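Everything on this sheet refers to the single structure shown next.
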Amino acid sequence: MSSETTKIPRAGPKQGDFRLSNDNLDRVPDAIRRPAYDRSSVTPGIVHLGIGAFHRAHQAVVIDDLLAGGATDWGIVGASLRSPDTRDALAPQDCLYTVAVRSGAGTDHRIVGSVLGCEVATENPGQLIARLSNPATRIVSLTVTEKGYCHTPQTGDLDERHPDIVHDLQNPDTPRSAIGFLVTALARRQNAGQMPFTILSCDNLSANGQTAGRLVTQFADLRSRNLAKWIEAEVAFPSTMVDRIVPETTGADRATVSSALGMTDAWPVVTEPFTQWIVEDRFPAGRPDFAAAGVQMVSDVTPFEHMKLRLLNASHSALAYLGYLAGHETIASTMTDHRFAAFARQVMQDAAPTLTMPEGTDLAAYSASLLQRFSNAALHHRTWQIAMDGSQKLPQRLLATMQDRLRLGLSIDTHALAVAGWMRYVTAKDEQGRAIDVRDPLARELFEIAERAGPSAERLAPALLEVHSIFGNLGSDPRMRNAVTEALTKLYALGARQTVQTFQPA
Ligand code: CS2
């Protein structure tokens, strides 16, 4: 998932004197697909919080298809919660941007027009609250990354001591967090006797809709019992499974896309051919005909969400930590070493017995397709990018599977090695002693634990396992302690490459 820490490359090529914009669309080469509708007749129906690369390569493309099919009251207004970079890049180009789909077969460019405007929450919180409170806004979708939910990852409950939550309780009209914005806008709607909007979480959390619902209600309850009750009764929080690999856009991407366009696109997105969106069908305030654009509408997304988190995201994180430690810059380069590919397959195989899937789901075929997607060398998906925010990702990607496997009496050695890779990574020193730029809300705390423990698996593994917000009770389970300590011992002794090479599943 794209993060708001992503920086837009500043200097870039100038393609003639032209910049992608409504006026210049007819100068784009004919082969490049562009909005097949009159953008001036589109009105916003969706506000999206966290308009990063992932949203622009996924949901906004679906909406672009629906607008072309005539659903013209479902345009998107995006908001960044912190950084002005996306707005600064998109505003001069009427929020048009290119989606570059890359694979071994080449690149397919498409210009997307579904984003009608882009706001920066911190600059004008009042404007965003007004937009959310406007009855025309019927869906508020979110990709604010795991840490954007201000919760304790292990329990899924609101972290009432989170600085943004503390701030938003005291300053309801100038919130900082997504939860703060949602609750203030919902309170306005309740006071005005209006219907609420539907909240559509598109982040990689388990039961993302339910989780968002719990957090919004818990926060509202801190403000007013009556508001919390109204939210419980009236607001829908459908869960969704979202899937598309979208690496952060680089300066080189911007240059190649601009050259294909013959004009500058300051902020294109680069992605893979695969895209999937599964959505629970609960939209009391209305919705576009998602299915017409290939979205799977279901009554319960849980099995698909677990499948994706435990197969795709789990093996992604495993490859990210261990691959980074072994000196691989990207996932595709890590996958060229067949031992890493075999390890990723094992992570998926070990997750399979913990999943209960609808009849007809072929987990082996799904896993094989994931391995292929990870090997897409046309994507420069950095291990460092995926390694970000591990403290927020581990519980739903790796630890839930370990808990289930322990319950089933199965070995947890494969996942223990992935967790040990994370532990070695958050020491902030790689195997050559070079600094690792660890990005994680708990980076400081984890680093201090690592400093106190020193480079000793016997000390480091139990110390990190005590971080309750990540590991909960699993951290004190002797089977967990033994498996992780053993894996970390090997990592220290042999290094990541060799440890993975000698890895034999039990
Ligand atoms: C990745 C995901 O950055 C990460 O943690 O595992 O963003 C992954 O690429 C997407 O979930 C794929 O759908």
Side-chain angles (χ1 to χ4, degrees), residues 1-6 50 52-62 99 101-103 142-149 153 201-206 208 239-250 269-279 295-296 301 304-324 328-332 334-335 344 347-348 351 366-367 369-376 378-401 418-419 421-422 425-426 438-441:
M1 186 107 341
S2 108
S3 113
E4 292 225 9
T5 55
T6 299
F54 179 77
H55 169 75
R56 294 194 293 130
H58 186 265
Q59 181 183 342
V61 176
V62 168
V99 177
V101 177
R102 289 196 188 145
S103 68
L142 288 90
T143 46
V144 292
T145 79
E146 295 85 348
K147 64 175 175 282
Y149 288 80
S201 165
C202 298
D203 283 293
N204 287 318
L205 298 168
S206 41
N208 54 11
S239 283
T240 66
M241 184 266 245
V242 293
D243 189 7
R244 193 166 211 187
I245 292 177
V246 189
E248 135 181 70
T249 304
T250 64
V269 289
V270 172
T271 186
E272 60 174 341
F274 183 89
T275 183
Q276 186 175 31
W277 197 10
I278 311 185
V279 181
V295 179
Q296 291 161 259
V301 96
F304 304 103
E305 227 175 16
H306 283 166
M307 175 184 80
K308 194 229 162 188
L309 285 166
R310 295 184 185 196
L311 269 56
L312 189 159
N313 296 113
S315 55
H316 230 190
S317 287
L319 287 170
Y321 296 116
L322 295 165
Y324 184 99
H328 287 291
E329 202 195 339
T330 66
I331 290 292
T334 313
M335 288 291 290
V347 171
M348 298 180 201
Y366 180 70
S367 304
S369 78
L370 294 180
L371 293 169
Q372 248 177 7
R373 290 170 62 197
F374 292 169
S375 303
N376 182 350
L379 287 185
H380 196 79
H381 203 186
R382 293 170 72 194
T383 46
W384 177 82
Q385 191 190 349
I386 298 158
M388 235 182 256
D389 295 342
S391 69
Q392 314 291 302
K393 294 174 174 172
L394 255 47
Q396 61 277 20
R397 295 183 177 205
L398 297 168
L399 307 181
T401 299
V419 172
W422 168 79
Y425 183 89
V426 298
V438 178
R439 301 282 178 96
D440 192 298

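The shown structure was predicted, so the numbers you read here are calculated from the model rather than taken from an experiment. Residue numbers count from 1 along this sequence. Just follow the structure's listing: the first ligand is 1, and inside any ligand the first atom is 1.
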Which atoms of ligand 1 sit under 4.0 Å from any heavy atom of [X]?
| X | answer |
| --- | --- |
| Arg244 | 12 (C), 13 (O) |
| His316 | 1 (C), 6 (O), 8 (C), 9 (O) |
| Lys393 | 3 (O), 4 (C), 5 (O) |
| His381 | 9 (O) |
| Lys308 | 10 (C), 11 (O), 12 (C), 13 (O) |

Exercise for the section: Return the set of residues passing salt bridge (charged side-chain N to carboxylate O under 4.0 Å, His left out) with Asp440 (not counting sequence neighbours), or none when no residue passes. Expected result: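 Once residues adjacent in sequence are excluded, Asp440 has no partner under the salt bridge (charged side-chain N to carboxylate O under 4.0 Å, His left out) criterion.
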Handout entry: Heavy-atom nearest neighbour of atom 8 (C) of ligand 1 within options Leu319, Thr145, Asn313
Key =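 Heavy atom nearest to atom 8 (C) of ligand 1 belongs to Asn313.
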Exercise for the section: Carefully, step by step, assess Leu205 and Glu146 under the rule side-chain contact (heavy atoms from CB on, under 4.5 Å). Expected result: CA-CA 7 Å; Leu205 298 168; Glu146 295 85 348; 3.9 Å; yes
Handout entry: Polar side chain donor-acceptor pair, Tyr324 to Thr334, under 3.5 angstrom
Key = no
Handout entry: Any side-chain donor near an acceptor of the partner, Ser317 and Arg397, under 3.5 Å
Key = yes
Practice task
Indicate, as side chain, backbone, both or neither, the part of Val246 found under 4.0 angstrom from ligand 1 when only non-hydrogen atoms are considered.
Solution key: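 For Val246, no heavy atom sits under 4.0 Å from ligand 1.
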Fill in the blank from the handout: Scanning both residues in full, the closest heavy-atom pair of Ile245 with Leu379 reads CG2-CD1, 3.8 Å
Exercise for the section: Tell me, please: is Met388 in heavy-atom contact with ligand 1, that is, under 4.0 Å? Expected result: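 The answer is no: ligand 1 sits nowhere under 4.0 Å from a heavy atom of Met388.
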Handout entry: Sub-4.0 Å heavy-atom approach of Arg397 to ligand 1
Key = yes
Practice task
May I ask you to check if ligand 1 and Arg373 share an N or O to N or O distance below 3.5 Å?
Solution key: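 There is no such contact.
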Exercise for the section: List the steps, then state whether salt bridge (charged side-chain N to carboxylate O under 4.0 Å, His left out) holds for Arg373 with Glu272. Expected result: CA-CA 8 Å; Arg373 290 170 62 197; Glu272 60 174 341; 2.6 Å; yes
Problem - Cationic N near anionic O, under 4.0 Å, Arg310 to Glu305 - result: no
